[in-house]
K.L.:
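Can you keep this structure in mind? I'll have questions shortly.
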Amino acid sequence: MDIVRIFDTTLRDGEQSPGATLTQPEKLEIARQLESLGVDIIEAGFPVSSDGDFESVRAIASEIGGSTICGLARCHPKDIERAGNAIKPAKSGRIHLFCATSKIHREHKLRKGKEEIIKLAIDSIRAALEYTSDVEFSPEDASRTEMEFLEEITHAAIEAGATTINLPDTVGYATPAGYGHIFAHLIEKLPIIRARNVYLSAHCHDDLGMAVANSLSAVQGGARQVECTINGIGERAGNAALEEIVMALRTRGDYFKAKTRIDATKIYPTSRMVSSLTGLMVQRNKAIIGENAFAHEAGIHQDGILKYRETYEIMDPKTIGLPTNSLVLGKHSGRHAFKDRVTQLGYAVTDEQVEAAFVKFKTLADKKKEVFDEDIEALVDDQLELTRGVFELVNYQIFTGTSTIPTATVTLKDSAGERLQDASVGDGPVDAIYSAIQRLTGIKVTLTDYRIRAVTKGKEALGEVQVELEHSDRKIRGRGLSTDILEASALAYLAAINRLRSMANRENLMSPHVSV
Ligand code: KIV
Ligand code: ZN
């Protein structure tokens with residue numbers, strides 16, 4: 001079996017999903033989880049795009065030793081210098097250079113000719129090699145680039161010293177057979193690829209829903225690196241989903257004759273963490289990690305499963321670390337059992353996070369007779385919301401009813417420990433709480449999305465609220481968890497406001513989406 005390297009770009013292309021902006025501690029948290037998942041290369045960001053991105057890549061490079069840490073750069077000296085300095089502390093660091101090569105990008109975006117682009121690529125690769133021997137080059141929009149030019153620039157990039165050539169389907173235009181053919185063709189036409197042991201890499205977007213199929217076809221054509229994101233998040237319709245690539249190669253190894261180094265049992269907790277920190281929910285019927293992915297509704301199917309699981313299940317849910325939904329702990333369970341369960345669920349979290357989740361678990365176990373894996377996950381995910389600290393909810397009181405104007409009194413504590421209290425009316429109890437919080441924090445925001453769900457079944461279930469707020473054209477989200485849905489609503493709103501404050505504090509010189 002050949003090994004296919006997994007290059008995860010959740011923290012770079014994934015973070016380019018609208019509304020998915022992450023703080024530096026959140027990026028570090030995800031990077032730790034990706035390392036424990038066994039990702040070969042983590043693309044940690046685009047260092048020139050902002051001071052915040054530079055710092056995040058540097059912090060990840062300083063701490064994570066089990067994966068190669070990569071920074072993205074355009075073929076510009078300033079980009080290369082920023083990326084080179086950001087990855088400098090890494091045990092193993094990579095610079096990923098890109099420059100558009102398709103006719104449409106050459107003529108309308110870059111306004112540069114082929115020769116000029118080749119020279120730019122060569123000069124940039126040489127400059128990047130001053131910082132690291134591991135340099136990846138991407139001819140952006142490769143799938144729409146004329147084959148002859150693609151051969152020419154690939155050859156030139158390898159001669160200049162690039163060790164990985166990534167061939168992006170930037171706009172999700174490729175078809176599986178066509179995309180796979182590009183790889184097979186280049187390998188046949190350019191002996192330098194084999195002679196220098198260069199990795200060809202696939203990078204697919206999902207505009208036509210073919211990102212995963214295209215990536216797998218690239219593997220059949222000879223790609224030995226796949227670029228992907230957790231839950232398939234990314235620009236527009238997203239990138240190829242890591243969990244789908246990994247499980248397809250694992251389940252159909254007989255067909256693809258290739259495998260990855262991913263620890264599949266960490267897939268589910270990693271997916272949960274990314275969903276929780278980015279606020280991008282996973283659709284119920286999403287392959288591998290959706291809520292329905294292993295649910296069997298039809299009677300005939302249920303009967304088959306009970307007789308022999310493999311009649312209707314091609315993967316064992318245990319292999320992706322899916323919780324068994326078994327009753328695990330109760331109010332007499334101790335710290336040790338709790339910590340054990342968190343580890344079994346696949347989380348790579350700190351002792352302080354487990355301790356804080358344990359305190360909440362005890363409160364929950366007092367209210368709820370049965371504590372399920374899903375409850376524990378929600379408590380741990382809640383600890384991963386790292387934006388607390390500016391305003392904290394002390395308590396709220398609500399006066400409401402069918403013939404009363406809902407009125408909320410809210411008490412908050414600010415970072416100096418000072419108690420703030422105010423009251424407000426609203427269209428409903430949640431609205432009244434939110435306007436009291438706005439008065440207290442003095443931050444004017446618009447609520448653009450509000451979602452509520454029960455984490456498990458039953459009337460004592462934990463309620464999870466997710467909100468999206470808009471402030472100066474920026475969308476910010478927050479999440480709150482409690483058996484009391486009004487408290488969960490207040491916590492979600494405060495989490496978003498705290499996130500907004502912490503982002504404003506590290507506000508950047510440039511937008512994260514630098515024009516290319
Ligand atoms: O989709 C794309 O072309 C990219 C490049 C920066 C590799 O993300
Ligand atoms: Zn991309």
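For clarity, every value in this text was computed on a predicted model and none was experimentally measured. Whatever order the structure lists ligands and atoms in, that order sets their numbers, starting from 1.
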K.L.:
Let me see the working for V57 and K88 under side chain to side chain contact (heavy atoms under 4.5 Å, CB included), right down to the final yes or no.
P.N.:
CA-CA 10 Å; V57 176; K88 206 173 256 169; over 6 Å; no
K.L.:
For H205, counting its heavy atoms only, list the atoms of ligand 1 lying under 4.0 Å from any of them.
P.N.:
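By the 4.0 Å cutoff, the relevant atoms are 1 (O).
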K.L.:
Going through the distances and angles, do E244 and K286 end up as a salt bridge (charged side-chain N to carboxylate O under 4.0 Å, His left out)?
P.N.:
CA-CA 10 Å; E244 294 179 29; K286 162 89 177 62; 2.4 Å; yes
K.L.:
Which ligand 1 atoms are under 4.0 Å away from a heavy-atom of D13?
P.N.:
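Checking each atom against D13, I get 8 (O).
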K.L.:
Tell me whether ligand 1 is touched by R12 - counting only heavy atoms on the residue side and a distance under 4.0 Å.
P.N.:
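Yes; R12 lies near enough to ligand 1 that a heavy-atom distance drops under 4.0 Å.
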K.L.:
Tell me whether the rings of H185 and H181 are parallel (<30°), tilted (30 to 60°) or perpendicular (>60°).
P.N.:
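Rings of H185 and H181: tilted, 30 to 60°.
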K.L.:
For ligand 1, note which part of H203 has a heavy atom under 4.0 Å away: side chain, backbone, both or neither.
P.N.:
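Side chain only; the backbone of H203 stays clear of ligand 1.
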K.L.:
Taking distance alone, with no angle check, do E140 and ligand 1 share an N/O pair under 3.5 Å?
P.N.:
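Between E140 and ligand 1 (N or O atoms, distance only) the closest approach is not under 3.5 Å.
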K.L.:
Looking at I233, L242, T278, which one forms a side chain to side chain contact (heavy atoms under 4.5 Å, CB included) with T10?
P.N.:
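With T10 as partner, side chain to side chain contact (heavy atoms under 4.5 Å, CB included) holds for just one option, I233.
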K.L.:
Within the structure provided, determine whether K27 and D53 are in side-chain contact (heavy-atom separation under 4.5 Å).
P.N.:
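With C-beta onward as the side chain, the pair touches.
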K.L.:
Could you check atom 3 (O) of ligand 1 against the protein and tell me its nearest heavy-atom contact, residue, atom and distance included?
P.N.:
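Answer, as residue, atom name and distance: T170 OG1, 2.7 Å.
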K.L.:
Donor-acceptor check, side chain of S275 to backbone of L280, threshold 3.5 angstrom: yes or no?
P.N.:
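Present.
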K.L.:
Got more than 12 heavy atoms from elsewhere within 6.0 Å of CZ, R453?
P.N.:
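Atom CZ in R453 is crowded, with more than 12 foreign heavy atoms closer than 6.0 Å.
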K.L.:
Does the cation-pi check pass for R106 over F149, that is, NZ or CZ under 6.0 Å from the six-membered ring centre and within 45° of its axis?
P.N.:
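Yes, R106 lies over the aromatic ring of F149.
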K.L.:
Quick one: name the protein N/O/S atoms under 2.8 Å from the Zn ion (ligand 2), chain by chain.
P.N.:
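D13 OD2, H203 NE2, H205 NE2, with waters left out.
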K.L.:
With heavy atoms under 4.0 Å as the rule, classify the contact between H96 and ligand 1 as side chain, backbone, both or neither.
P.N.:
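For H96, only side-chain atoms sit under 4.0 Å from ligand 1.
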K.L.:
Below 3.5 Å, N or O to N or O, backbone or side chain included: is there any such pair between S138 and ligand 1?
P.N.:
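The answer is no, given that S138 and ligand 1 share no N or O pair closer than 3.5 Å.
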K.L.:
With salt bridge (charged side-chain N to carboxylate O under 4.0 Å, His left out) as the criterion, how do E116 and K119 come out once you've worked through the C-alpha distance, each side chain's angles and the decisive distance to 0.1 Å?
P.N.:
CA-CA 5 Å; E116 208 182 338; K119 181 170 177 342; over 6 Å; no
K.L.:
Run the numbers on E152 and K114 for salt bridge (charged side-chain N to carboxylate O under 4.0 Å, His left out), then give the verdict.
P.N.:
CA-CA 10 Å; E152 204 182 331; K114 291 180 181 170; over 6 Å; no
